[in-house]
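Just so you know, ligand 1 is whichever comes first in the structure, and atom 1 is the first atom listed for that ligand. Small disclaimer: the values here were computed from a predicted structure and weren't measured.
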Amino acid sequence: MTPSINISAFRQSFIDHFGGAPRIFRSPGRINLIGEHTDYNDGFVLPAAIDRHVYIAISPRNDGRIRIAAVDFPGIHEGKVTDVEKSALGWPDYALGVLAGFRERGIEPSGFDMLVGSDLPVGAGLSSSAAYSCTVGYALNQVFDARLDRVDMIRIAQQAEHRYAGVMCGIMDPFASMYGQRGHLVRLDCRSLEHHYVPFNAPGLSLLLLNTNVKHSLASSAYNRRREECATGLEWVRSAYPDVASLRDVNESMLDRCVAPRDKVIDDRCRYVVQENARLLALCKDMEAGDLVAAGNRMFQTHDGLSRMYDVSCPELDYLVEAVLDRDGVYGARMMGGGFGGCTINLVSTDIIDDLVSELSASYEADNGRSLSAIAVNIGDGTSEVVS
Ligand code: GLA
């Protein structure tokens, strides 16, 4: 696991690069208990922020220039505040995308020096890119007194991902990063953005991430294709039910009538989304009633749907879910995030974690030829300034 950032060393690194006295901001990565691939279909999600972050140290300039460096990547991006084209270095692009979003809203920062650091693993499905964009947005907003609200900054982060990374992602990741609250899951309605906090603090209960260490390299094209498939199914439903605005409004009998007879793949994609929204609402009730067995079973069902109907799993993710299916102390498990790699999320009794991780690490490595990393999740707060 990436070691935690040491704030004084991070501040010193900024001073070594640029001089001056920076302000420091941070935004967390996220997990998601249930509600996968529902956000861009106007559905429900149940994420939480975690205690791993992307950090930005920043100080303003008055000459219209920007300099961006990173602790973990080589090179310094230097340019003008008006030049928000993608960088040849690649890693500054999210920051540039966010800057572009500010400029489009008529906010012209006067220039800045910026250092990026992180203790969030990249490519593990923990939304390091949303955390990065949210931190930059929040930092620019504070330093230049731009008075955007959190939803504006979330939209800017989402647009940066669309335009600068080419992934047509939904709103869940930046929302969880900005609005996370320690000890709570965030139940978000992705259509209205209405949200409320669901306590997650039962003694002896933990969330454990198991990282396949498969990087989701094909994910962006497949992700965009899933979005298109959902849009196609929606269009077919709308030809018979014009009042339907999104898959959120669709039920399975509409799919039986309008989609199943036309295309099995499109039907599977849409049916998974319809079922997943219902599962999330049911899981929230299970949690309220303290029925962890029922909640966990829904996570297993979600995995099954993501693997067989939505087709975004991979053999390593399936392996890790199957390995814990009948294991005492594991209530539920499923792949998490966009898919094709990254982590499974496991709802477990805290006291089985050590044995589970040591046994699974050995068998996973023997059977898959790669190592397994375990991450115990602590649910933390959303984006903030680091005051020291
Ligand atoms: C990625 C996207 C999110 C969401 C998930 C799947 O993390 O960034 O918007 O669609 O995949 O639930």
I'd like to know whether E161 forms a side chain to side chain contact (heavy atoms under 4.5 Å, CB included) with S129, so could you lay out the CA-CA distance, the side-chain angles of the two residues, the decisive distance to 0.1 Å, and finally the verdict. CA-CA 8 Å; E161 184 95 31; S129 56; 3.0 Å; yes
In terms of ring plane angle, is the pair H195 and Y197 parallel, tilted or perpendicular, where the classes change at 30° and 60°? perpendicular
Backbone N/O of H37 and side chain of N41: donor-acceptor pair under 3.5 Å: yes
Is R248 paired with D189 through a side-chain N to carboxylate O contact shorter than 4.0 Å? yes
Name the residues with a heavy atom less than 4.0 Å from ligand 1? R30, E36, H37, D39, Y40, C169, G170, M172, D173, Y223, G337, G338
Just wondering, do Y164 and E85 contact through their side chains at under 4.5 Å, heavy atoms? no
Does NZ or CZ of R257 lie under 6.0 Å from the centre of the six-membered ring of Y241, at an angle within 45° of the ring axis? yes
